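Computed from a predicted model, the values in this text were never measured in an experiment. The chains referred to below are lettered A, B, ... by the order of the sequence lines, with proteins before strands, and numbering in each begins at 1.
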There are 2 protein chains.
Amino acid sequence: MTQKAKEYYRDNPQFYVAVDCIIFAFENDELQVLLQQRNFEPFRGEKTLLGGFLQDEESLEEAAQRVLQFHTGLTNIYMEQVGTFSALDRDPGARVISTAYYALIDKNLYDSALLKEYDGEWVSTDHLPSIHFDHTKMIEQARELLRRKISFSPVGFNLLPPSFTLAQLQRLYEVILGQEIDKRNFRKRVSEMQFIEKTGEIDKVSSRRGASLFQFNMEKYNLIHEFKLK
Amino acid sequence: MTQKAKEYYRDNPQFYVAVDCIIFAFENDELQVLLQQRNFEPFRGEKTLLGGFLQDEESLEEAAQRVLQFHTGLTNIYMEQVGTFSALDRDPGARVISTAYYALIDKNLYDSALLKEYDGEWVSTDHLPSIHFDHTKMIEQARELLRRKISFSPVGFNLLPPSFTLAQLQRLYEVILGQEIDKRNFRKRVSEMQFIEKTGEIDKVSSRRGASLFQFNMEKYNLIHEFKLK
DNA sequence: TCAAAAGTGTTAATAGTACACCCATGA
DNA sequence: TCATGGGTGTACTATTAACACTTTTGA
């Protein structure tokens with residue numbers, strides 16, 4: 001590189017760059033998000049999202065996956081970038097630019113033993129506690145992005161176990177969209193989506209009568225590539 | 001801050017942070033974007049978006065507005081964050097994390113004399129030339145974001161002069177959505193949006209007969225807050 | 001036997017799409 | 001007078017929304 005080119009960069013300041021993960025899960029008819037009750041400085045005693053600093057040899061996406069794996073044990077998880085937050089006062093300890101990602105996990109699969117190690121806790125997105133930094137805004141933006149996405153893309157299945165009842169799927173949509181859905185209309189639409197298929201198994205836990213279990217068939221979806229549930 | 005808290009930051013690397021602006025304008029029935037033909041290092045001879053490095057006392061949004069003002073003379077312009085790009089090899093000169101913003105400007109208002117100073121040039125988004133870095137991806141993502149946004153939010157007016165004909169407005173939508181729109185259906189929908197109002201003036205430039213000029217009334221829109229053109 | 005959730009079709013309302021001709025004007 | 005773009009309404013189609021009862025089973 002020429003001297004000129006070096007100066008092009010060198011004359012500019014550098015910043016800490018972080019990622020914050022909005023880890024969503026679905027349980028008890030609630031969309032939940034994983035927070036950390038910090039027992040270390042800075043911001044001891046505050047609740048925050050799970051985050052980490054970007055390192056030299058990774059992209060933001062990789063950093064977010066790393067943070068996610070560290071806190072849940074999960075890899076190869078569906079994530080989407082929410083946005084980058086850069087207000088001057090967003091972190092009083094230092095100037096930190098932070099990119100938020102949301103992740104959708106199946107709460108049955110993550111390593112819940114890890115929670116104790118970092119004081120993790122699941123909270124409902126309907127009644128968020130007081131959260132530090134601009135993390136509340138990140139969660140709200142992520143929730144809104146998810147709301148839009150779920151209407152025309154089959155990402156919701158990431159929040160459910162591999163097989164699920166239609167009642168579960170409907171409640172997931174109702175919770176994320178924030179509106180009730182007519183049961184018959186919903187089931188009609190599901191039956192039109194040929195990539196949501198009966199497994200043949202019956203779930204006897206949720207009701208006396210038992211409900212058919214369904215699964216999302218990714219291969220079929222990729223062939224059809226048309227999606228709309230509500 | 002305690003020693004512990006200081007270390008929390010200090011053990012992590014820092015990065016150059018940049019903004020890249022996708023400056024859109026509408027002319028000749030084309031959605032155009034402003035590029036720079038670089039005649040300086042690094043990457044002399046390449047075409048790039050207009051960008052700049054984040055400075056200590058500004059947010060990313062402010063940096064993007066600064067870059068925009070420097071290259072167009074315009075302030076208080078509609079901008080939206082597109083996303084943040086962080087691939088390890090995206091800038092071979094140094095590790096740079098870059099956040100893209102798109103801006104919508106009225107090409108009649110910007111200072112075109114500035115173009116000469118930095119070798120700026122407008123290109124159609126339909127036939128993008130070869131562009132350096134990941135800037136092509138940024139433009140495509142911005143275009144897609146704009147496409148979605150324009151269907152349910154009145155941002156398109158930022159690309160038009162304060163008063164415009166319905167033919168102009170329709171062509172803007174056709175170009176951004178990439179599909180033809182039926183004239184009568186389009187005008188029907190416009191007439192339902194009471195915040196798109198006749199100015200009473202007639203434009204005699206575009207046709208012999210003359211076409212009514214319309215304007216977007218932001219105050220009325222804010223009261224009604226319902227929008228859909230196609 | 002009954003409470004609780006599963007499962008199932010039809011009709012009405014709304015929204016979206018297709019379509020063709022006359023008008024006013026300047027060259 | 002004619003070429004050019006401006007302006008207008010109706011009928012059809014597709015999509016979405018509303019709605020109620022029967023089934024199964026374990027407690």
Side-chain angles (χ1 to χ4, degrees), chain A residues 26-30 147-148 150-152 160-161 163-194 196-215 224 226-230, chain B residues 26-30 147-148 150-152 160-161 163-194 196-215 224 226-230:
Chain A
F26 182 66
E27 194 177 46
N28 301 331
D29 292 1
E30 284 178 335
R147 196 183 65 71
R148 288 182 187 279
I150 204 174
S151 295
F152 58 92
L160 292 175
S163 65
F164 47 83
T165 67
L166 293 185
Q168 278 181 287
L169 185 63
Q170 182 177 342
R171 281 195 295 270
L172 175 68
Y173 271 79
E174 288 176 334
V175 166
I176 293 178
L177 296 177
Q179 62 185 236
E180 293 203 343
I181 302 174
D182 179 272
K183 183 166 65 162
R184 277 178 289 186
N185 292 338
F186 183 79
R187 283 167 185 244
K188 196 193 310 166
R189 281 191 295 265
V190 168
S191 68
E192 284 160 5
M193 307 282 117
Q194 291 128 305
I196 303 176
E197 51 192 23
K198 265 193 187 166
T199 64
E201 310 273 291
I202 303 290
D203 173 72
K204 301 291 285 181
V205 178
S206 59
S207 71
R208 304 203 212 283
R209 177 174 169 180
S212 289
L213 285 167
F214 288 76
Q215 64 193 357
I224 302 167
E226 201 170 304
F227 185 84
K228 192 160 185 201
L229 292 176
K230 184 73 199 173
Chain B
F26 182 66
E27 194 177 45
N28 301 331
D29 292 2
E30 286 178 333
R147 196 184 65 72
R148 288 181 188 279
I150 205 174
S151 295
F152 58 91
L160 292 174
S163 66
F164 47 83
T165 68
L166 293 185
Q168 278 181 287
L169 184 63
Q170 183 178 341
R171 282 194 294 270
L172 174 69
Y173 271 79
E174 289 177 333
V175 167
I176 293 179
L177 296 176
Q179 61 184 236
E180 292 204 343
I181 302 173
D182 179 273
K183 183 166 66 163
R184 277 178 290 188
N185 293 338
F186 183 79
R187 283 167 186 244
K188 196 194 308 168
R189 282 190 295 266
V190 168
S191 69
E192 284 161 4
M193 307 282 117
Q194 291 128 307
I196 303 177
E197 50 191 23
K198 267 194 186 164
T199 64
E201 309 274 291
I202 304 290
D203 172 70
K204 302 290 284 181
V205 178
S206 61
S207 71
R208 303 204 214 282
R209 176 173 170 180
S212 288
L213 285 167
F214 287 75
Q215 63 193 357
I224 301 166
E226 202 171 302
F227 184 84
K228 192 160 185 202
L229 292 176
K230 184 72 196 171

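- The CG atom of B:Asp182 sits 15 Å away from the C1' atom of D:dT13 (whole-angstrom rounding).
- In this structure, B:Gln179 places its CD atom 12 Å from C1' of C:dT17, rounding to the nearest Å.
- What separates CZ of B:Phe186 from P of D:dG9 is a distance of 18 Å, to the nearest Å.
- Close to C:dG7, at under 4.0 Å from its OP1 or OP2, lies a side-chain N or O of A:Arg187.
- Atom pair B:Gln168:CD and D:dG6:C1' shows a separation of 13 Å (rounding to whole Å applied).
- For A:Arg171, the side chain to side chain donor-acceptor pair (under 3.5 Å) partners two or more places apart in sequence, or in a different chain, are A:Asp29.
- Taking every side-chain heavy atom of A:Lys183 into account, C:dT8 is the closest of C:dT8, D:dA18, C:dA20.
- Residue B:Ser206 is classed as a sugar-phosphate contact, given heavy-atom separations below 4.0 Å to backbone atoms only.
- Side chain B:Arg209 to base C:dA24: no donor-acceptor pair is found below 3.5 Å.
- Within the structure, a side-chain polar atom (N or O) of A:Ser212 is placed less than 4.0 Å from OP1 or OP2 of C:dG7.
- Regarding A:Asn185, its CG atom lies at a distance of 15 Å from the P atom of C:dT14, rounded to whole Å.
- Nucleotide C:dA5 holds its P atom 14 Å from the CD atom of A:Glu174, rounded to whole Å.
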Please report, to 0.1 Å, the donor-acceptor pairs under 3.5 Å made by any side chain of residues 184-191 of chain A, with sequence neighbours excluded.
{"from": "A:Ser191", "atom 1": "OG", "to": "A:Arg187", "atom 2": "O", "distance (Å)": "3.4"}
{"from": "A:Ser191", "atom 1": "OG", "to": "A:Lys188", "atom 2": "O", "distance (Å)": "2.7"}

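- The 12-atom threshold is exceeded at CD of A:Glu27, counting heavy atoms of other residues, nucleotides or ligands nearer than 6.0 Å.
- The side chain of A:Ser207 has C:dA6 as its nearest neighbour among C:dA6, C:dG9, C:dA18.
- Between A:Lys228 and D:dT16 there is a side-chain polar atom (N or O) within less than 4.0 angstrom of OP1 or OP2.
- Closest approach to the B:Lys204 side chain among C:dT25, D:dG7, C:dT10 is made by C:dT25 (side chain taken as heavy atoms from C-beta onward).
- Within 6.0 Å of CD in B:Glu226 there are 12 or fewer heavy atoms belonging to other residues, nucleotides or ligands.
- The interatomic distance linking B:Ile202 (CD1) with C:dA24 (C1') rounds to 11 Å, in whole Å.
- Put simply, CZ on A:Phe164 is 16 Å from C1' on C:dA6, counting in whole angstrom units.
- Contact of A:Lys188 with D:dT16 (side chain to base): no donor-acceptor pair of N or O atoms is detected under 3.5 Å.
- Counting non-hydrogen atoms of neighbouring residues, nucleotides and ligands closer than 6.0 angstrom, the CD atom of A:Glu180 reaches no more than 12 such neighbours.
- You'll find that the side chain of B:Arg208 is closest to C:dG26, out of D:dC19, C:dT17, C:dG26.
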